[in-house]
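Protein chains get the first letters and strands the later ones, always in sequence-line order, with residue 1 at the start of each.
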Amino acid sequence: MVQHELSEIFDHFLRDSSLLMNREVLRPDYVPENLPHRDEQIQRLGWTLAPVLQSVRCSNIFVYGKPGTGKTAVTHFVLGHLIRKSDEVHVPVKACYVNCRLVGTDYRVLSSLCDAVHIRVPFTGLATGEVFDRFKQGLTSHGGILVAVLDEVDILVKYHGDNLLYELTRINETSNVGKVVLIGISNDLNFKDLLDPRVLSSLSEEEIVFKPYTADELYDILLERAHASFVKNGFHDSALRLCAALAATEHGDARRALDLLRAAAEIAERERVNIVTEEYVRKAQRKIEQDRVSEVLNSLPLHQRLVLYSIFLLHRANVNNSLTGDIYEVYSELCGEVSVEPLTQRRVSGLINELDTLGVINAKLVSLGRHGRSKKVRLAITPSVASNQLGGDIHLSSLLNYTPNYLQKIV
DNA sequence: TGTCCACTGGAACGTACGGCTT
DNA sequence: AAGCCGTACGTTCCAGTGGACA
């Protein structure tokens, strides 16, 4: 029965009723031929990088703006053209793109840079200094200019300091080594405060700011992509308007707008409807949020789950704004129930911050005068979703109907 | 106006682990 | 095999703090 349905699904997908004729165009990493409302940034980046085509090192560039404002797309776009041109005029230019959030550490950023100059390094085991030396060697033997894009560089600096950036900016001062042009991309506008002044002045020789898209600009972007990806009459104009409006309220995030449109199309396809309307955008909005939450919850380690579950239990007992101390008491009790050693309060305090960053809870630092300072914490996700997801865990399933003794003391 | 609470959050350090060089 | 490295995750220590309360 199921197998028969499956075959029907595939048949349906393959028939001409499919809504999307080109899905790639709606993917967040797709770089289109035309980037609406970013002419100014493209030109600035182009002019700044142009000297590279004469083998002259150009200014380092610091690009910043909120997520989904086109920073990465514009950079890819311009670099793509630059590399094609350099091939045409036979000037050795290489480009290397590193996402510091995904790559994570100085060592691994350097290892990616080594890749770009054809130096193989082991993924662990070497001293960072050693990897850096090998990178410089590779750069020298390559001879040309390497344009290194460090996307989400703020994350790297936040967790590992600006040491690597400092060393990279210094490479060009050493005469006999090839040249590096750095393009640092940051989502965080306050990122500059974290940098050593020397690094800052070197990195931001040129600065390009990406303002959030307005709803109208997002609409233009969506319209262009929709024409390229949907079949004829596959979408309602009002659906695009809604995607644009929803994304505009979230700091003008084009990625968000495209995600909404793609998810809406996929839901419509699954329901065998041949036009995307506002209704499907709303459905997509709910689905994206649900997917995000379950992905986050499923990836939490045991202790973080126990902390979150403690917050959930406090919520269920109508303690809407639980304090760190309360959470720790309940958490310790739960640890006893599942026979694991509780972590220290300091660590749990850190875990609460991490849950806050993940958007699963809202934590606010409050001062209660005589009663000290603490964090007021409440769930940021639907309690039923939390209990469903966490209850699926082998360790926690036995705790679904558990009432902590601590609650009897405080309620 | 000073005290004092219940933490926060930075920093240093420990441990386990996988994996490199010599 | 020894020695070293980066990474992840945790502990311990402790100075700092906002504001209610005496």
Side-chain angles (χ1 to χ4, degrees), chain A residues 98-115 119-138 150 152-168 188 190-191 193-196 296 298-308 310-311 314 319-336 338-358 361-378 395 406-407 409-410:
Chain A
V98 186
N99 185 310
C100 300
R101 186 169 51 84
L102 301 180
V103 167
T105 61
D106 287 1
Y107 186 99
R108 294 208 270 254
V109 170
L110 274 171
S111 145
S112 302
L113 294 180
C114 282
D115 263 358
I119 295 285
R120 291 262 156 258
V121 288
F123 69 90
T124 173
L126 294 184
T128 311
E130 169 66 22
V131 182
F132 194 71
D133 287 344
R134 292 189 190 187
F135 169 61
K136 284 198 283 194
Q137 275 168 24
L150 303 178
E152 306 199 53
V153 66
D154 47 318
I155 309 246
L156 184 74
V157 172
K158 209 172 279 172
Y159 292 107
H160 303 279
D162 59 0
N163 200 32
L164 176 66
L165 281 183
Y166 176 69
E167 295 294 342
L168 285 174
D188 182 1
N190 301 319
F191 161 67
D193 302 339
L194 299 174
L195 290 179
D196 181 288
V296 167
N298 283 327
S299 63
L300 294 181
L302 177 63
H303 285 286
Q304 214 151 16
R305 279 169 190 253
L306 285 165
V307 171
L308 182 59
S310 309
I311 298 165
L314 284 157
V319 185
N320 284 327
N321 281 309
S322 34
L323 298 173
T324 307
D326 302 329
I327 296 167
Y328 190 68
E329 289 297 329
V330 176
Y331 159 81
S332 305
E333 219 178 290
L334 293 185
C335 283
V338 297
S339 310
V340 294
E341 274 295 303
L343 304 176
T344 56
Q345 181 155 349
R346 172 71 186 89
R347 182 71 190 121
V348 168
S349 171
L351 291 181
I352 290 174
N353 285 346
E354 286 171 31
L355 288 172
D356 187 27
T357 311
L358 290 170
I361 59 169
N362 285 320
K364 196 174 141 208
L365 186 60
V366 286
S367 190
L368 305 166
R370 257 282 141 100
H371 303 289
R373 302 172 84 207
S374 183
K375 275 217 167 88
K376 268 190 177 172
V377 175
R378 60 188 178 78
H395 294 93
Y406 178 74
L407 285 176
K409 285 186 221 156
I410 60 166

For DNA chain C, which nucleotides open and close the run of contacts to chain A, 5' to 3', at under 4.0 angstrom from a non-hydrogen atom?
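With heavy atoms of chain A under 4.0 Å away, the range is C:dC5 to C:dC21.
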
Would you please name every residue forming a salt bridge (charged side-chain N to carboxylate O under 4.0 Å, His left out) with A:D196, sequence neighbours left out?
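Scan of A:D196 (salt bridge (charged side-chain N to carboxylate O under 4.0 Å, His left out), adjacent residues dropped) gives A:R198.
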
Both A:H303 and A:T128 contact DNA chain C. Taking the nearest nucleotide for each, which residue is further toward the 5' end?
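Checking each residue's closest nucleotide, the 5'-ward one belongs to A:T128.
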
Roughly, in whole Å, what's the span from [atom1] in [X] to [atom2] in [N]?
{"X": "A:L365", "N": "B:dC7", "atom1": "CG", "atom2": "P", "value": "12 Å"}
{"X": "A:R370", "N": "B:dG2", "atom1": "CZ", "atom2": "P", "value": "15 Å"}
{"X": "A:K376", "N": "B:dT8", "atom1": "NZ", "atom2": "P", "value": "14 Å"}
{"X": "A:N353", "N": "B:dC7", "atom1": "CG", "atom2": "P", "value": "14 Å"}

Could you tell me whether A:L323 contacts a base, only the sugar-phosphate backbone, or nothing, with contacts defined as non-hydrogen atoms closer than 4.0 Å?
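Answer is nothing: A:L323 stays at 4.0 Å or more from every strand.
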
Does the side chain of A:L126 come within less than 4.5 Å of A:Y107's, by heavy atoms?
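In short, these two side chains touch, coming nearer than 4.5 Å.
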
Backbone of A:G104 reached by a side-chain donor or acceptor of A:H160 within 3.5 Å:
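At least one qualifying donor-acceptor pair exists.
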
Looking at A:K375, I'd like to know whether one of its side-chain N or O atoms comes within less than 4.0 Å of OP1 or OP2 on B:dA6.
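The answer is no; no side-chain N or O of A:K375 sits under 4.0 Å from OP1 or OP2.
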
Could you identify which residues of residues 155-163 of chain A place a heavy atom less than 4.0 Å from some atom of DNA chain B, listed by residue number, or say none?
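Nothing qualifies; none.
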
Note: A:D356-A:K375 ion pair, threshold 4.0 Å (strictly below)
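No, A:D356 and A:K375 are not salt-bridged.
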
Heavy atoms within less than 4.0 Å of DNA chain C: which residues of residues 340-350 of chain A have one? Give them sorted by number.
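Those residues are A:L343, A:T344, A:R346, A:R347.
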
Taking atom CG of A:D154 and atom CZ of A:R101, what is their separation to the nearest 0.5 Å?
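Going from the CG atom of A:D154 to the CZ atom of A:R101 covers 10.0 Å.
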
Would you give the length of the straight line joining atom OG of A:S322 to atom CD1 of A:I361, rounded to the nearest 0.5 angstrom?
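Answer for the OG-CD1 pair, A:S322 versus A:I361, is 8.0 Å.
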
Which parts of nucleotides 17-22 of chain B does protein reach within less than 4.0 Å, heavy atoms only, written one letter per nucleotide 5' to 3' as B for base, S for sugar-phosphate only and - for none?
-BBSS-

In degrees, rounded to 10°, what is the bend between the two ends of the helix from B:dT1-C:dA22 to B:dT22-C:dA1, using five pairs at each?
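Computed angle between terminal axes is 30°.
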
